[in-house]
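A quick write-up on the structure given underneath.
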Amino acid sequence: MRLSPVSMPRLPASILRPGYDRAAQQCGIVHFGIGAFHRAHQALYTDEALAAGDRDWAITGVSLRSEQVREQLAPQAGLYTVTESDSSGHTTRVVGAVREVLVATQEPARVTAALAAPETRVVSISITEQGYWRAADQVLDFTAADIRHDLDPQQPPRTLYGLLAAGLRQRRRLALPGLTLLSCDNLTGNGRQLQVLLEQFLERHDGATARWLRNHCTFPSTMVDRIVPATTPQDLAWLDGCLGVRDAAAVFTEPFRQWVIEDRFAGSRPRWELGGAQWVQDTAPYETAKLRMLNGAHSALAYLGLLRGHEFVHQAITDPLLRELVNRLMRDEAAHSFAPAPDQSLPRYAAALLLRFANSARPHSLKQIAMDGSQKIPQRWLPTLRILGQSGVDCPALLQALGAWIAYVRAERFAVADPMGPELAGLWRSCGIQGIVDALFGPAGRFAHSWVAPPQARARLRAWVAEFSSGAQPAA
Ligand code: CS2
């Protein structure tokens, strides 16, 4: 039997459940990318606001491609559980904020209708870095086949931009109020980034909607944080025993969560602060700390850890060599690349991150983090290298991590998943170790828009790549 409104009364009394009338709520949020992260983060904050009496903020989830989430959630009428675990134990609760899931490729007209519904006020997005189709920061990749496809008005949309364009055009025609478009992805200045990329798309697609967007919609930036490892069959089997029913949409996470949101909404908003969200004027220092320290450390643990034979973050962080390197990366390098907000202590932040990484109750696969490196590195590592480099300061830990990434993308045993994978493989074939560093980080390199490595750094990088490619384990 599946978790559902019918089976919910049978759950053990210890399992918290939605304390509000789900059926009475209209959908105020359309969310793109209804994966595990959203279900363990924003949907939970929304559930708490609904439980406290906010009304009409139920969520219509949109999956861009995969039918899997709909198969998980539809038979459960949108209900699912979130289990938080650390060394002190587990707590499980049922979340009721998600109303339905649409699969965009199959029902684009329903996505348009949801965006153009009068009750929709917020459109939020967590589609991961590669879903933004950036050629560089704030530059839309018009060479991408999916973007070209979506610019053809005869074709049903496939990307976030094509889907948003159809829905916003409809809203404009119906003279409905504008929307708040809220990016919850790990991009630098994610609100501004989304705005600029969407405007670039609309300028070529539908100038009238581009103008309407500028006058009626806002794009607050957000810093989102919660470590949500992919759910495994073992997790689900364990949960079966606790619930007595099957929750195919269950998510498992750490107790920690954080959400810092720029206070710039086009209309009303749920009281997410009841779950601890912070409204601020400027998200930049929080977001920068998170991207360069947490995510930067994660990516370093992923490539160096996998090359050293580890499988999970909690194993990699207890490897003395990697712990020391990640400490240097966060404290001596990333933390010196920006000015923290008055309430931020970066040494304390680094110490708290080490504890979170060590949480063995929630094994977090290094391969999950290693995915899409070409899309992650430009905001996690390259700004620190560029900014410290301008003052003549070296970043030996980041250079070592970067060398590990270049070696990693060639190693067939890792079955690298990255939209730039074929291009990286081609560069390896045509340039070899000597050339690939220049092709990526030289003055005319593929990442020159984010960082150009000076000759000395390139020599150092080549040495690391050679060492890791020889099968030697990364050493400090
Ligand atoms: C991770 C993030 O997969 C990754 O690249 O670094 O998903 C990370 O777990 C979250 O950003 C934590 O908030």
Under 3.5 Å, is there a donor-acceptor pair linking the side chains of [X] and [Y]?
X: His205; Y: Arg169; answer: yes
X: Arg172; Y: Thr209; answer: yes
X: Asp418; Y: Ser374; answer: yes

Per the side chain to side chain donor-acceptor pair (under 3.5 Å) rule, which among His31, His38, Gln42, Arg39 passes with Ser126?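 When His31, His38, Gln42, Arg39 are each tested with Ser126, the side chain to side chain donor-acceptor pair (under 3.5 Å) holds only for His31.
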Do the charged groups of [X] and [Y] touch, with an N to O distance under 4.0 Å?
X: Asp438; Y: Arg462; result: yes
X: Asp235; Y: Arg362; result: yes
X: Arg192; Y: Glu262; result: no

Between His364 and Phe357, is the ring centroid distance below 6.0 Å? no
Are Trp279 and Phe265 an aromatic pair, judged by ring center distance below 6.0 Å?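 Here the rings of Trp279 and Phe265 have centres that are less than 6.0 Å from each other.
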Other residues, nucleotides and ligands only: do more than 12 of their heavy atoms fall within 6.0 Å of [atom1] on [X]?
X: Gln106; atom1: CD; value: yes
X: Arg458; atom1: CZ; value: yes
X: Gln390; atom1: CD; value: yes
X: Met420; atom1: CE; value: yes
X: Arg211; atom1: CZ; value: no

Between the side chain of [X] and the main-chain N/O of [Y], is any donor-acceptor distance below 3.5 Å?
X: Gln170; Y: Thr112; value: no
X: Glu254; Y: Asn359; value: no
X: Trp428; Y: Ile406; value: yes
X: Ser469; Y: Ala466; value: no
X: Ser365; Y: Lys367; value: yes
X: Asp185; Y: Thr128; value: yes
X: Lys376; Y: Ile369; value: yes
X: Asn186; Y: Glu129; value: no
X: Asp150; Y: Thr159; value: yes
X: Arg171; Y: Leu115; value: yes

I want to check something: taking the side chain as every heavy atom from C-beta on, are [X] and [Y] in contact at a cut-off of under 4.5 Å?
X: Glu423; Y: Arg446; answer: yes
X: Asp206; Y: Trp212; answer: no
X: Leu197; Y: Leu160; answer: no
X: Leu398; Y: Leu388; answer: no
X: Leu424; Y: Val416; answer: no
X: Gln193; Y: Ser183; answer: no
X: Leu304; Y: Asp319; answer: no
X: Ser221; Y: Arg264; answer: no

Shortest non-hydrogen contact from [X] to [Y]?
X: Tyr408; Y: Leu306; value: CE1-CD1, 3.5 Å
X: Ala116; Y: Leu176; value: O-CD1, 3.1 Å
X: Thr283; Y: Val260; value: CG2-O, 3.8 Å
X: Leu102; Y: Ala114; value: CD1-CB, 4.4 Å
X: Gly189; Y: Glu287; value: N-OE2, 2.7 Å
X: Cys184; Y: Val224; value: O-CG2, 3.5 Å

If you measure from [atom1] on [X] to [atom2] on [Y], what distance do you get to the nearest 0.5 Å?
X: Leu440; Y: Trp451; atom1: CG; atom2: CH2; value: 10.5 Å
X: Ser337; Y: Ile387; atom1: OG; atom2: CD1; value: 5.0 Å
X: Met293; Y: Arg331; atom1: CE; atom2: CZ; value: 7.5 Å
X: Asn327; Y: Leu354; atom1: CG; atom2: CG; value: 5.0 Å
X: Ile433; Y: Phe468; atom1: CD1; atom2: CZ; value: 11.5 Å
X: Gln375; Y: Leu187; atom1: CD; atom2: CG; value: 9.5 Å

Could you walk me through whether Ser268 and Arg121 satisfy the side-chain hydrogen bond (donor to acceptor under 3.5 Å, both in side chains) test, starting with their C-alpha distance in whole Å, then the side-chain angles of each, then the deciding distance to 0.1 Å, before giving a yes or no? CA-CA 7 Å; Ser268 57; Arg121 285 159 284 168; 3.1 Å; yes
Measure up the Tyr303 and Trp381 rings against each other and bin them: parallel (under 30°), tilted (30 to 60°), perpendicular (over 60°).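 The arrangement is perpendicular - the two ring planes meet at more than 60°.
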Report the relative orientation of the aromatic rings in His41 and Phe37; use parallel for angles under 30°, tilted for 30 to 60°, perpendicular for over 60°. parallel
For Asp137 and Tyr132: C-alpha separation, side-chain torsions, deciding distance, then whether side-chain hydrogen bond (donor to acceptor under 3.5 Å, both in side chains) applies. CA-CA 10 Å; Asp137 258 1; Tyr132 287 79; over 6 Å; no
After noting the C-alpha distance and the side-chain angles of Tyr161 and Trp133, does the key distance pass the ring pair (Phe, Tyr, Trp, His ring centres under 6.0 Å) rule? CA-CA 10 Å; Tyr161 305 109; Trp133 300 104; 8.6 Å; no
For Gln315 and Arg308: C-alpha separation, side-chain torsions, deciding distance, then whether side chain to side chain contact (heavy atoms under 4.5 Å, CB included) applies. CA-CA 11 Å; Gln315 296 166 338; Arg308 282 177 64 79; over 6 Å; no
What do the steps show when you test Ile227 against His298 for side chain to side chain contact (heavy atoms under 4.5 Å, CB included), and what is the final call? CA-CA 11 Å; Ile227 293 174; His298 251 176; 4.1 Å; yes
Any chance you could lay out the side chain to side chain contact (heavy atoms under 4.5 Å, CB included) test for Leu385 and Leu402, step after step, and finish with the verdict? CA-CA 10 Å; Leu385 285 158; Leu402 203 51; 4.0 Å; yes
I'd like to know whether Leu181 forms a side chain to side chain contact (heavy atoms under 4.5 Å, CB included) with Phe32, so could you lay out the CA-CA distance, the side-chain angles of the two residues, the decisive distance to 0.1 Å, and finally the verdict. CA-CA 11 Å; Leu181 290 106; Phe32 285 85; over 6 Å; no
